[in-house]
Amino acid sequence: KRWAYSSASIHLAARMVRDAVGGNAADVQRFAHDELFAPLGMHVTMEIDETGTPIGAHYMLASARDWARFGELYLNDGVAPNGQRILPEGWVQWSTTPTLATNYGAGWWVNHRERTDSEQPAGMPLMPDAHADTFYALGNLGQYIIVVPSQQLVIVRLGNAQTPHFDIDEADRLVKKVISSLHASAA
């Protein structure tokens with residue numbers, strides 16, 4: 001009935017993964033590598049707390065190309081480049097569907113909201129120049145993985161935004177410029 005963004009929810013999910021794969025840091029690292037990062041061709045450093053739990057909502061370090069590979073997993077409905085299904089069928093659609101009167105799904109901000117007459121929408125501002133099907137992951141201090149399915153596009157922006165809403169206006173302009181450039185070069 002009520003929504004509030006909480007990084008702690010992701011930390012709890014990371015703890016459940018840790019427990020399910022063996023309960024220690026080595027097991028978590030091996031599981032993440034074998035089941036996610038290697039099939040995607042990603043090289044990731046995960047920060048682990050003293051209990052062996054990944055710091056799930058923060059501190060996963062990777063290059064822009066590696067984050068683009070993660071975005072492509074979602075662009076391709078959970079299927080890795082080698083054809084291996086990593087995410088359950090329907091997961092991408094479910095995780096990019098707004099929760100309550102927000103523009104947040106399950107781990108992804110989405111560029112549209114489910115609105116109700118009685119509630120003010122919560123969440124990040126929308127990107128007015130980006131397509132309605134755009135969704136994005138937002139890292140601590142303004143790193144973005146932006147996925148635009150209608151354009152078959154993934155954009156990664158690494159940065160350090162000390163502004164309200166982590167430079168979402170600049171991210172919106174970036175999406176518009178990239179799509180405009182792609183359309184101009186195709187013409």
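Only heavy atoms go into these numbers, but all of them, side chains included; no hydrogens, no water, no symmetry mates.
The 12-atom threshold is exceeded at CD of Gln84, counting heavy atoms of other residues, nucleotides or ligands nearer than 6.0 Å. The local environment of CZ in Arg65 is sparse, with at most 12 non-hydrogen atoms from other residues, nucleotides or ligands closer than 6.0 Å.
Side-chain contact between Ile168 and Tyr136: present, with at least one pair of heavy atoms (C-beta onward) separated by less than 4.5 Å. At least one side-chain heavy atom of Met60 sits under 4.5 Å from a side-chain heavy atom of Phe37. Side-chain contact between Leu73 and Leu36 is present, with at least one heavy-atom pair separated by less than 4.5 Å. Residues Pro54 and Val17 have side chains not in contact (no heavy-atom distance under 4.5 Å, counting atoms from C-beta outward).
Of the candidates Val148, Asp172, Val110, Ile179, Val148 is the only one forming a side chain to side chain contact (heavy atoms under 4.5 Å, CB included) with Thr134.
A donor atom on one side chain and an acceptor atom on the other are found under 3.5 Å apart for His183 and Gln151.
Between Trp109 and Tyr5, the gap from one ring centroid to the other is short of 6.0 Å.
With respect to the salt-bridge test (charged N to carboxylate O, under 4.0 angstrom), the residues Asp19 and Arg15 qualify. Between Glu170 and Arg173, at least one side-chain N (NZ, or NE/NH1/NH2) sits under 4.0 Å from a carboxylate O, which counts as a salt bridge.
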Next item on the list: Go through the steps for Leu141 and Gln143 under the test side chain to side chain contact (heavy atoms under 4.5 Å, CB included), then give the verdict.
Entry: CA-CA 6 Å; Leu141 299 178; Gln143 301 85 24; 4.2 Å; yes
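Note on Trp108: it does not cluster hydrophobically with Ile10, by side-chain heavy-atom contacts below 4.5 Å among ILVMFWY residues. In the hydrophobic clustering of this structure, Leu100 groups with Tyr104; members are Ile, Leu, Val, Met, Phe, Trp, Tyr whose side-chain heavy atoms approach within less than 4.5 Å, directly or through other members.
Ring geometry for Trp67 versus Phe70: interplanar angle over 60°, hence perpendicular rather than tilted (30 to 60°).
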